[in-house]
Amino acid sequence: MERNPFHLVEFSPWPLTGSMGALFLTSGLAGWMHGYSYITLITGLVLIVITMLQWWRDVIREATYQGHHTKQVSKGLRWGMILFIISEICFFFAFFWAYFHSSLAPSTELGSCWPPSGITPLNPFEVPLLNTGVLLASGVTVTWAHHALMESDRKGGLQALFATVVLGIYFTFLQGMEYYEASFSIADGAYGSTFFVATGFHGLHVLIGSTFLLICLMRVWMQHFSTGHHFGFEAAAWYWHFVDVVWLFLYLSIYWWGY
(Lines give C-alpha, C1' and ligand atoms only; values in the text may rest on other atoms or scores of the structure.)
Protein backbone atom coordinates (compact mmCIF):
# COMPACT_ATOMS: atom_id res chain seq x y z
CA MET A 1 0.00 0.00 0.00
CA GLU A 2 1.46 3.36 -1.05
CA ARG A 3 1.71 5.92 1.71
CA ASN A 4 -0.23 9.16 1.23
CA PRO A 5 2.31 12.00 0.65
CA PHE A 6 -0.04 14.54 2.20
CA HIS A 7 -0.37 15.32 5.90
CA LEU A 8 -3.87 14.73 7.23
CA VAL A 9 -3.88 16.98 10.29
CA GLU A 10 -5.37 15.61 13.52
CA PHE A 11 -8.15 17.42 15.37
CA SER A 12 -6.66 20.37 17.25
CA PRO A 13 -8.11 22.79 19.83
CA TRP A 14 -5.70 25.59 18.93
CA PRO A 15 -7.73 27.28 16.14
CA LEU A 16 -10.60 27.60 18.62
CA THR A 17 -8.43 28.96 21.46
CA GLY A 18 -6.68 31.31 19.02
CA SER A 19 -10.02 32.67 17.81
CA MET A 20 -11.21 33.16 21.38
CA GLY A 21 -7.95 34.91 22.23
CA ALA A 22 -8.34 37.25 19.25
CA LEU A 23 -11.92 38.03 20.29
CA PHE A 24 -10.95 38.78 23.90
CA LEU A 25 -7.89 40.79 22.81
CA THR A 26 -9.88 42.98 20.39
CA SER A 27 -12.80 43.61 22.73
CA GLY A 28 -10.40 44.04 25.66
CA LEU A 29 -8.40 46.67 23.77
CA ALA A 30 -11.57 48.56 22.88
CA GLY A 31 -12.74 48.44 26.49
CA TRP A 32 -9.34 49.43 27.90
CA MET A 33 -9.15 52.45 25.55
CA HIS A 34 -12.53 53.61 26.90
CA GLY A 35 -11.46 53.32 30.51
CA TYR A 36 -12.87 49.90 31.37
CA SER A 37 -11.04 47.03 33.10
CA TYR A 38 -8.11 45.44 31.29
CA ILE A 39 -8.91 41.91 32.53
CA THR A 40 -10.42 40.94 29.16
CA LEU A 41 -7.31 42.28 27.40
CA ILE A 42 -4.98 40.24 29.63
CA THR A 43 -7.14 37.14 29.14
CA GLY A 44 -6.88 37.53 25.36
CA LEU A 45 -3.10 37.95 25.50
CA VAL A 46 -2.68 34.87 27.71
CA LEU A 47 -4.88 32.77 25.41
CA ILE A 48 -2.93 33.86 22.33
CA VAL A 49 0.46 33.16 23.95
CA ILE A 50 -0.69 29.70 25.09
CA THR A 51 -2.06 28.97 21.60
CA MET A 52 1.20 30.07 19.96
CA LEU A 53 3.37 27.91 22.21
CA GLN A 54 1.18 24.82 21.98
CA TRP A 55 0.62 25.09 18.23
CA TRP A 56 4.33 25.60 17.58
CA ARG A 57 5.03 22.54 19.76
CA ASP A 58 2.64 20.43 17.67
CA VAL A 59 4.05 21.62 14.33
CA ILE A 60 7.63 21.00 15.50
CA ARG A 61 6.67 17.46 16.55
CA GLU A 62 5.00 16.80 13.19
CA ALA A 63 7.96 18.14 11.21
CA THR A 64 10.92 16.92 13.28
CA TYR A 65 9.91 13.73 15.05
CA GLN A 66 6.89 12.28 13.20
CA GLY A 67 8.09 12.86 9.63
CA HIS A 68 4.81 14.29 8.35
CA HIS A 69 6.43 17.13 6.38
CA THR A 70 7.19 15.27 3.16
CA LYS A 71 8.32 17.00 -0.03
CA GLN A 72 4.71 17.40 -1.10
CA VAL A 73 3.72 18.89 2.26
CA SER A 74 6.73 21.24 2.20
CA LYS A 75 5.70 22.42 -1.27
CA GLY A 76 2.23 23.24 0.06
CA LEU A 77 3.72 25.06 3.04
CA ARG A 78 5.88 27.15 0.72
CA TRP A 79 2.89 28.20 -1.36
CA GLY A 80 0.94 28.93 1.80
CA MET A 81 3.70 31.23 3.06
CA ILE A 82 3.95 32.96 -0.33
CA LEU A 83 0.20 33.62 -0.39
CA PHE A 84 0.32 34.84 3.22
CA ILE A 85 3.04 37.37 2.38
CA ILE A 86 1.02 38.52 -0.65
CA SER A 87 -1.96 39.11 1.66
CA GLU A 88 0.31 41.12 3.95
CA ILE A 89 1.42 43.24 0.98
CA CYS A 90 -2.24 44.03 0.28
CA PHE A 91 -2.68 44.86 3.98
CA PHE A 92 0.09 47.48 3.91
CA PHE A 93 -0.99 48.75 0.50
CA ALA A 94 -4.16 50.06 2.16
CA PHE A 95 -2.09 52.12 4.62
CA PHE A 96 0.07 53.60 1.86
CA TRP A 97 -3.10 54.40 -0.11
CA ALA A 98 -4.55 56.26 2.89
CA TYR A 99 -1.29 58.17 3.40
CA PHE A 100 -0.88 59.30 -0.22
CA HIS A 101 -4.60 60.03 -0.56
CA SER A 102 -4.23 62.65 2.19
CA SER A 103 -0.73 63.90 1.37
CA LEU A 104 -0.76 64.30 -2.43
CA ALA A 105 -3.80 66.60 -2.40
CA PRO A 106 -4.25 67.95 1.16
CA SER A 107 -7.77 69.22 1.84
CA THR A 108 -8.58 72.61 3.29
CA GLU A 109 -9.23 70.92 6.65
CA LEU A 110 -5.55 69.97 6.66
CA GLY A 111 -4.51 73.52 5.81
CA SER A 112 -3.92 72.59 2.15
CA CYS A 113 -0.39 71.54 3.06
CA TRP A 114 1.47 68.40 4.13
CA PRO A 115 2.44 67.87 6.90
CA PRO A 116 -0.63 69.72 8.21
CA SER A 117 -0.20 72.97 10.08
CA GLY A 118 0.80 72.42 13.70
CA ILE A 119 2.46 69.03 13.05
CA THR A 120 6.21 68.78 13.54
CA PRO A 121 7.29 65.57 11.77
CA LEU A 122 10.14 63.41 12.99
CA ASN A 123 13.55 64.10 11.48
CA PRO A 124 14.19 61.24 9.01
CA PHE A 125 17.96 61.55 9.45
CA GLU A 126 17.96 60.74 13.17
CA VAL A 127 16.29 57.68 14.77
CA PRO A 128 14.41 56.61 11.58
CA LEU A 129 17.69 56.43 9.66
CA LEU A 130 19.27 54.44 12.50
CA ASN A 131 16.30 52.06 12.45
CA THR A 132 16.75 51.65 8.69
CA GLY A 133 20.38 50.66 9.24
CA VAL A 134 19.36 48.23 12.01
CA LEU A 135 16.79 46.45 9.82
CA LEU A 136 19.13 46.31 6.81
CA ALA A 137 21.82 44.80 9.04
CA SER A 138 19.30 42.24 10.32
CA GLY A 139 18.56 41.28 6.71
CA VAL A 140 22.27 40.57 6.25
CA THR A 141 22.50 38.47 9.42
CA VAL A 142 19.40 36.38 8.60
CA THR A 143 20.89 35.65 5.14
CA TRP A 144 24.14 34.69 6.87
CA ALA A 145 22.15 32.30 9.08
CA HIS A 146 20.51 30.72 6.03
CA HIS A 147 23.83 30.07 4.31
CA ALA A 148 25.25 28.69 7.55
CA LEU A 149 22.37 26.20 7.80
CA MET A 150 22.84 25.10 4.19
CA GLU A 151 26.55 24.47 4.91
CA SER A 152 25.90 22.62 8.21
CA ASP A 153 27.61 25.42 10.14
CA ARG A 154 25.57 25.19 13.36
CA LYS A 155 27.76 27.67 15.27
CA GLY A 156 27.53 30.28 12.52
CA GLY A 157 23.77 29.76 12.28
CA LEU A 158 23.36 30.29 16.01
CA GLN A 159 25.48 33.44 15.99
CA ALA A 160 23.70 34.92 12.98
CA LEU A 161 20.20 34.15 14.29
CA PHE A 162 21.05 35.53 17.72
CA ALA A 163 22.31 38.74 16.10
CA THR A 164 19.12 39.00 14.03
CA VAL A 165 16.87 38.62 17.08
CA VAL A 166 18.90 41.22 19.01
CA LEU A 167 18.65 43.67 16.10
CA GLY A 168 14.88 43.10 15.92
CA ILE A 169 14.49 43.81 19.63
CA TYR A 170 16.71 46.89 19.30
CA PHE A 171 14.53 48.18 16.45
CA THR A 172 11.43 47.76 18.63
CA PHE A 173 13.10 49.63 21.49
CA LEU A 174 14.12 52.53 19.23
CA GLN A 175 10.63 52.76 17.74
CA GLY A 176 9.08 52.76 21.22
CA MET A 177 11.34 55.65 22.27
CA GLU A 178 10.48 57.44 19.03
CA TYR A 179 6.76 57.17 19.78
CA TYR A 180 7.31 58.35 23.35
CA GLU A 181 9.18 61.47 22.24
CA ALA A 182 6.96 62.34 19.23
CA SER A 183 5.31 65.77 19.40
CA PHE A 184 2.06 64.45 17.89
CA SER A 185 -0.25 61.51 18.59
CA ILE A 186 -2.59 59.20 16.70
CA ALA A 187 -5.41 61.64 17.49
CA ASP A 188 -3.77 64.47 15.50
CA GLY A 189 -5.78 64.24 12.33
CA ALA A 190 -4.94 62.39 9.13
CA TYR A 191 -1.18 62.70 9.63
CA GLY A 192 -1.17 61.24 13.13
CA SER A 193 -3.53 58.39 12.29
CA THR A 194 -1.77 57.33 9.07
CA PHE A 195 1.69 57.65 10.64
CA PHE A 196 0.99 55.63 13.77
CA VAL A 197 -1.21 53.01 12.11
CA ALA A 198 1.29 52.32 9.31
CA THR A 199 4.44 52.37 11.43
CA GLY A 200 2.68 50.74 14.39
CA PHE A 201 1.49 47.75 12.37
CA HIS A 202 4.98 47.44 10.93
CA GLY A 203 6.34 47.45 14.49
CA LEU A 204 3.88 44.66 15.34
CA HIS A 205 5.20 42.67 12.39
CA VAL A 206 8.75 43.18 13.64
CA LEU A 207 7.70 41.75 17.03
CA ILE A 208 6.05 38.76 15.34
CA GLY A 209 9.09 38.21 13.12
CA SER A 210 11.46 38.46 16.08
CA THR A 211 9.41 35.82 17.92
CA PHE A 212 9.42 33.64 14.79
CA LEU A 213 13.22 33.89 14.55
CA LEU A 214 13.63 33.27 18.29
CA ILE A 215 11.78 29.96 17.90
CA CYS A 216 14.06 29.14 14.95
CA LEU A 217 17.09 29.97 17.11
CA MET A 218 15.90 27.48 19.73
CA ARG A 219 15.33 24.87 17.02
CA VAL A 220 18.84 25.37 15.61
CA TRP A 221 20.17 24.95 19.15
CA MET A 222 18.24 21.65 19.44
CA GLN A 223 19.46 20.57 15.97
CA HIS A 224 15.99 20.34 14.40
CA PHE A 225 17.18 21.58 10.99
CA SER A 226 19.26 19.85 8.34
CA THR A 227 20.88 21.18 5.16
CA GLY A 228 17.92 20.12 3.02
CA HIS A 229 15.03 20.29 5.49
CA HIS A 230 14.67 23.65 7.21
CA PHE A 231 11.57 25.29 5.78
CA GLY A 232 10.57 26.55 9.25
CA PHE A 233 13.60 28.81 9.13
CA GLU A 234 13.10 29.73 5.48
CA ALA A 235 9.55 30.89 6.21
CA ALA A 236 10.84 33.09 9.03
CA ALA A 237 13.56 34.49 6.75
CA TRP A 238 11.05 35.28 3.98
CA TYR A 239 8.83 37.04 6.49
CA TRP A 240 11.77 39.03 7.85
CA HIS A 241 12.86 40.16 4.38
CA PHE A 242 9.26 41.25 3.73
CA VAL A 243 9.38 43.32 6.94
CA ASP A 244 12.65 44.89 5.77
CA VAL A 245 11.24 45.88 2.38
CA VAL A 246 8.06 47.36 3.88
CA TRP A 247 10.17 49.48 6.22
CA LEU A 248 12.18 50.87 3.28
CA PHE A 249 8.93 52.01 1.65
CA LEU A 250 7.70 53.44 4.96
CA TYR A 251 10.96 55.31 5.51
CA LEU A 252 11.09 56.76 1.98
CA SER A 253 7.42 57.80 1.85
CA ILE A 254 6.34 58.70 5.38
CA TYR A 255 9.61 59.79 7.02
CA TRP A 256 11.73 61.20 4.17
CA TRP A 257 9.24 62.33 1.48
CA GLY A 258 6.70 63.56 4.07
CA TYR A 259 9.27 65.55 6.10
Side-chain angles (χ1 to χ4, degrees), residues 12-15 17-26 28-29 41-64 69 77-78 80-85 87-89 91-92 131 134-146 148-149 157-179 198-225 230-247 250:
S12 171
W14 311 130
T17 58
S19 301
M20 293 173 59
L23 173 64
F24 286 135
L25 180 64
T26 306
L29 272 172
L41 172 62
I42 299 299
T43 303
L45 282 172
V46 170
L47 272 174
I48 287 176
V49 170
I50 291 174
T51 301
M52 287 168 56
L53 293 176
Q54 296 296 98
W55 210 337
W56 259 321
R57 181 205 62 183
D58 290 351
V59 172
I60 289 170
R61 284 176 178 174
E62 293 163 359
T64 309
H69 287 191
L77 291 172
R78 289 175 187 277
M81 193 65 193
I82 290 169
L83 291 173
F84 171 69
I85 291 175
S87 72
E88 291 286 276
I89 292 172
F91 180 73
F92 277 99
N131 263 343
V134 168
L135 270 192
L136 289 177
S138 71
V140 173
T141 55
V142 79
T143 304
W144 168 26
H146 192 192
L149 283 178
L158 286 171
Q159 291 174 342
L161 266 177
F162 179 76
T164 308
V165 173
V166 169
L167 288 170
I169 295 172
Y170 184 47
F171 176 92
T172 302
F173 170 77
L174 289 174
Q175 190 173 45
M177 294 302 297
E178 180 183 74
Y179 283 1
T199 59
F201 269 110
H202 176 268
L204 177 63
H205 282 69
V206 170
L207 279 174
I208 294 170
S210 300
T211 307
F212 204 170
L213 290 169
L214 181 61
I215 297 297
C216 289
L217 176 63
M218 295 169 60
R219 295 190 67 190
V220 172
W221 177 264
M222 294 185 287
Q223 302 184 20
H224 285 179
F225 297 133
H230 53 262
F231 176 69
F233 168 78
E234 286 183 324
W238 292 357
Y239 188 82
W240 196 253
H241 287 308
F242 159 74
V243 169
D244 285 352
V245 172
V246 169
W247 174 258
L250 283 172

Novice: In terms of ring plane angle, is the pair Y239 and F84 parallel, tilted or perpendicular, where the classes change at 30° and 60°?
Specialist: parallel

Novice: Heavy-atom distance under 4.5 Å between the side chains of T141 and Q159, does that happen here?
Specialist: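 No, too far: nothing below the 4.5 Å cut-off.
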
Novice: Using the benzene-type ring in the case of Trp, are the ring centres of W240 and F233 under 6.0 Å apart?
Specialist: no

Novice: More than 12 foreign heavy atoms under 6.0 Å from CZ of F231: is that the case here?
Specialist: yes

Novice: What residues form a salt bridge (Lys or Arg N to Asp or Glu O under 4.0 Å) with R57, not counting sequence neighbours?
Specialist: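 If we apply the salt bridge (Lys or Arg N to Asp or Glu O under 4.0 Å) test to R57, skipping adjacent residues, there are no hits.
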
Novice: Nearest 0.5 Å, please: how far is CH2 in W144 from CG in L149?
Specialist: 12.0 Å

Novice: Measure the shortest side-chain to side-chain distance between W238 and R78 over non-hydrogen atoms and say whether it is less than 4.5 angstrom.
Specialist: yes

Novice: How long is the gap from CG on N131 to CG on L250, to the nearest 0.5 Å?
Specialist: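 N131 CG to L250 CG: 11.5 Å, rounded to 0.5 Å.
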
Novice: Can you tell me if S138 and Y170 form a side-chain donor-acceptor pair at under 3.5 Å?
Specialist: no

Novice: Find out whether L174 and M177 are in side-chain contact, i.e. whether some heavy atom of one side chain is under 4.5 Å from a heavy atom of the other.
Specialist: no

Novice: Calculate, to the nearest 0.5 Å, the distance between atoms CG and CD1 belonging to L23 and I48 respectively.
Specialist: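 It is 10.0 Å, given to the nearest 0.5 Å.
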
Novice: side-chain contact (heavy atoms from CB on, under 4.5 Å) between M20 and T51: does it pass, once the steps are laid out?
Specialist: CA-CA 10 Å; M20 293 173 59; T51 301; over 6 Å; no

Novice: To the nearest 0.5 Å, tell me how far L167 CG sits from T172 OG1.
Specialist: 11.0 Å

Novice: State which residues pass salt bridge (Lys or Arg N to Asp or Glu O under 4.0 Å) with E178; sequence neighbours excluded, sorted by chain then number.
Specialist: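 For E178 there are no salt bridge (Lys or Arg N to Asp or Glu O under 4.0 Å) partners, ignoring immediate neighbours.
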
Novice: Under the criterion side-chain contact (heavy atoms from CB on, under 4.5 Å), I'd like the reasoning laid out for I50 against T17: C-alpha separation, chi angles, the key distance, then a yes or no.
Specialist: CA-CA 9 Å; I50 291 174; T17 58; over 6 Å; no

Novice: Side-chain donor-acceptor pair under 3.5 Å between Q175 and H202, yes or no?
Specialist: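 The criterion, which ignores hydrogens and geometry beyond distance, is not satisfied for H202 and Q175.
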
Novice: Could you check whether any side-chain heavy atom of T199 comes within less than 4.5 Å of a side-chain heavy atom of Y179, counting everything from C-beta outward?
Specialist: yes

Novice: Might you point out which heavy atoms bring A63 and R219 nearest each other, and give the distance in Å?
Specialist: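 The answer is CB-NH2, 4.4 Å.
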
Novice: Is any side-chain heavy atom of S87 closer than 4.5 Å to a side-chain heavy atom of L83?
Specialist: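 The answer is no; the side chains never approach within 4.5 Å.
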
Novice: Measure the spacing between CG of L217 and CG of L213 and express it to the nearest 0.5 Å.
Specialist: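 Result: 9.0 Å between the selected atoms.
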
Novice: Would you indicate whether the side-chain heavy atoms of L53 and V49 approach each other to under 4.5 Å?
Specialist: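 V49 vs L53: side chains touch.
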
Novice: What's the spacing between M218 CE and H224 NE2 if we round to 0.5 Å?
Specialist: 9.0 Å

Novice: Check this for me: F173, atom CZ, are more than 12 non-hydrogen atoms of other residues, nucleotides or ligands nearer than 6.0 Å?
Specialist: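 No, CZ of F173 has 12 or fewer neighbouring heavy atoms, counting only those of other groups under 6.0 Å.
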
Novice: When you compare the side chain of V246 with that of H205, does any pair of heavy atoms fall below 4.5 Å?
Specialist: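 No; the side chains remain at least 4.5 Å from each other.
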
